[in-house]
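This chain uses plain numbering: 1 for the first residue, then up along the sequence.
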Amino acid sequence: MIEVQLTVEGGGVFIVGQTIKCLVTLHNPTDETDRLAWATGQISGQLKVDERRVIVARDEVTLSSSSLTRHGSNDGFFSSDPDILFCDLEIGPSSTKVFTFSGTVPTHLPPSYRGSYIKYSYLVLVGLQRVNRPVSLVSLPIRIINLPGINHSKGPTPLPTHPFAPREPRANYEDVFMDKVQSLCCKKTRSFEVKTSSGLVCIVRLSRAAYRLGDPIDISLEFAEVSCVQVTLRLQAMETISPEHETRPDTDSRFTTHDTKTLNCIHTASTNASLHIPLNVVNSFSTNLVLVRWQVQFEFLISQLRPSGELLDLGNTLVSGEMSDCEWRPLHSVPVSTLCWELPVKVVPTLPQYIATIAWQRTQAKDTV
């Protein structure tokens, strides 16, 4: 018996294009020498769909003949080049052997995502085999984050004019990635007017053009001439299957609500609300199969009465002494109508170290061979 421990460095959360370093530790706890025929390691991307809703052609799922995922039940859409760790290894009694390998996830691949219809997942796989025995797999899930729209390719680097000319350092993809995230999340106030046939209901203001995972979405609301009794805000992620991959033409988009705030705003001129984006969710992205986007849904309860005067007049139920001395009581019921409005928001990734620190992620897997 040989104990196998698979470890990834960096907290288990990685950016596409980043080198993923893995450590394989083999320990023989017995008093006898043991042998293994071979071992290999690679990174695999797996796709799982709801076959009742999504159609995936076989030619869209590429699977290398050297991929370890052919031993699994899911469809593999990516596998890195396998690294051969050893061949014909002998481990002495109470001895330990350590091997390393690394791999990268191409920048065009989707992030890790677990939706209602589609699931993209990534695994670090180590395959080991004894002589005349089946292959054993040790797998460790990792999380991959991606930001669509980054083009790191800027053409070939020009050759120096002479051998002593200083070479311009090539930008690291991780630095380009985070610079793009920072530029998208810069402060930029945006205003939106919510109107009905009766007039202006509210002015909604956002302070940014995009928000990172884990950030709060601060929203400012200024109410106008149409009286609003209550407003409910919902932060939602929407999953939409591309039409050419739907099994049914009427497949609805799936909405997942991650945060909700309800504000009582009768006689309120302005107010603020904050919705929090979790760290264990995915940012906005799209593939040939699915589109994932975010929105804030506003549900306004609009009163049929005039803003302040009519409500105050109906609330004056007791007058004693002078007219200035009165007791105001709230109405038992107010006739209202519902107005729903959706505001799209862009959600982008954040630092992988921050996600790994706050959102728990496994970095080790153990098994015996």
Side-chain angles (χ1 to χ4, degrees), residues 115 147-150 180-240 242 252-279 281-286 290-311 334-350:
L147 178 63
I150 296 182
K180 181 67 174 178
V181 170
Q182 293 293 344
S183 63
L184 289 174
C185 295
C186 63
K187 289 190 176 182
K188 181 181 179 181
T189 303
R190 298 183 297 161
S191 300
F192 306 89
E193 293 185 349
V194 183
K195 295 181 178 180
T196 65
S197 57
S198 302
L200 181 63
V201 177
C202 181
I203 298 176
V204 178
R205 289 188 173 89
L206 298 181
S207 59
R208 295 184 189 176
Y211 299 87
R212 293 171 297 187
L213 297 178
D215 282 353
I217 301 178
D218 296 323
I219 303 173
S220 174
L221 299 97
E222 294 184 8
F223 299 99
E225 63 265 18
V226 177
S227 178
C228 183
V229 177
Q230 187 182 83
V231 59
T232 301
L233 294 79
R234 300 182 181 90
L235 177 61
Q236 298 177 330
M238 182 169 57
E239 178 187 27
T240 305
S242 59
D252 296 329
S253 298
R254 258 324 151 81
F255 294 88
T256 303
T257 301
H258 295 283
D259 197 4
T260 303
K261 289 288 187 301
T262 299
L263 306 173
N264 295 317
C265 49
I266 188 169
H267 302 315
T268 300
S270 63
T271 187
N272 297 283
S274 182
L275 299 173
H276 192 268
I277 305 174
L279 282 170
V281 297
V282 71
N283 53 278
S284 309
F285 78 98
S286 64
V290 65
L291 169 64
V292 177
R293 47 187 171 171
W294 288 76
Q295 68 178 20
V296 177
Q297 183 192 63
F298 295 80
E299 184 179 294
F300 297 94
L301 294 185
I302 300 173
S303 171
Q304 303 299 324
L305 302 175
R306 291 296 176 183
S308 59
E310 192 170 345
L311 289 176
V334 177
V336 295
S337 60
T338 302
L339 171 63
C340 291
W341 179 65
E342 289 80 26
L343 175 62
V345 293
K346 187 176 182 63
V347 177
V348 298
T350 187

For [Y], is there any backbone N or O sitting under 3.5 Å from a side-chain donor or acceptor partner on [X]?
{"X": "His276", "Y": "Ile217", "answer": "no"}
{"X": "Thr257", "Y": "Asp259", "answer": "no"}
{"X": "Glu342", "Y": "Gln295", "answer": "no"}

Taking the side chain as every heavy atom from C-beta outward, state whether [X] and [Y] have any pair of such atoms under 4.5 Å apart.
{"X": "Thr260", "Y": "Leu275", "value": "no"}
{"X": "Phe298", "Y": "Val194", "value": "no"}
{"X": "Val231", "Y": "Thr271", "value": "no"}
{"X": "Gln236", "Y": "Val296", "value": "no"}
{"X": "Val345", "Y": "Leu206", "value": "yes"}
{"X": "Val290", "Y": "Thr240", "value": "no"}
{"X": "Leu200", "Y": "Phe223", "value": "no"}
{"X": "Leu147", "Y": "Val181", "value": "yes"}

Next item on the list: Taking side chain to side chain donor-acceptor pair (under 3.5 Å) as the test, write out the residues that go with Ser274, two or more places apart.
Entry: Asp218
Item checked: All pairs passing salt bridge (Lys or Arg N to Asp or Glu O under 4.0 Å) where residues 194-206 contributes a residue, at least two apart -> Glu193-Lys195, Arg205-Glu222
So, taking the atom named [atom1] in [X] and the one named [atom2] in [Y], what distance separates them when rounded to the nearest 0.5 Å?
{"X": "Leu235", "Y": "Leu343", "atom1": "CG", "atom2": "CG", "value": "11.0 Å"}
{"X": "Tyr211", "Y": "Ile277", "atom1": "OH", "atom2": "CD1", "value": "8.0 Å"}
{"X": "Ile266", "Y": "Ser303", "atom1": "CD1", "atom2": "OG", "value": "6.5 Å"}
{"X": "Gln297", "Y": "Glu299", "atom1": "CD", "atom2": "CD", "value": "6.5 Å"}
{"X": "Trp294", "Y": "Thr256", "atom1": "CH2", "atom2": "OG1", "value": "8.5 Å"}
{"X": "Ser242", "Y": "Leu291", "atom1": "OG", "atom2": "CG", "value": "9.5 Å"}

Return the minimal non-hydrogen interatomic distance between [X] and [Y], and the atom names on each side.
{"X": "Asn283", "Y": "Pro349", "answer": "OD1-CG, 3.5 Å"}
{"X": "Cys185", "Y": "Arg212", "answer": "SG-CG, 3.4 Å"}
{"X": "Ala237", "Y": "His258", "answer": "CB-NE2, 3.8 Å"}
{"X": "Arg190", "Y": "Pro344", "answer": "NH2-O, 4.4 Å"}

Next item on the list: Test side-chain contact (heavy atoms from CB on, under 4.5 Å) on Asp215 and Arg208 and set out the steps.
Entry: CA-CA 11 Å; Asp215 282 353; Arg208 295 184 189 176; 2.9 Å; yes
Check: Within a reach of under 6.0 Å around CZ of Arg234, are more than 12 heavy atoms found that belong to other residues, nucleotides or ligands?
Finding: yes
Notebook entry, point to check: Can you name the side-chain contact (heavy atoms from CB on, under 4.5 Å) partners of Ser337, sequence neighbours left out?
Noted result: Ile302, Gln304
Checklist line | side-chain contact (heavy atoms from CB on, under 4.5 Å) between Leu221 and Asn272, intermediate numbers included | finding: CA-CA 6 Å; Leu221 299 97; Asn272 297 283; over 6 Å; no
Next item on the list: Applying side-chain contact (heavy atoms from CB on, under 4.5 Å), run through Thr232 and Gln230 and close with a yes or a no.
Entry: CA-CA 7 Å; Thr232 301; Gln230 187 182 83; 4.3 Å; yes
Note to self: Between Arg254 and Asp252, does any side-chain N to carboxylate O distance fall below 4.0 Å?
What the structure shows: no
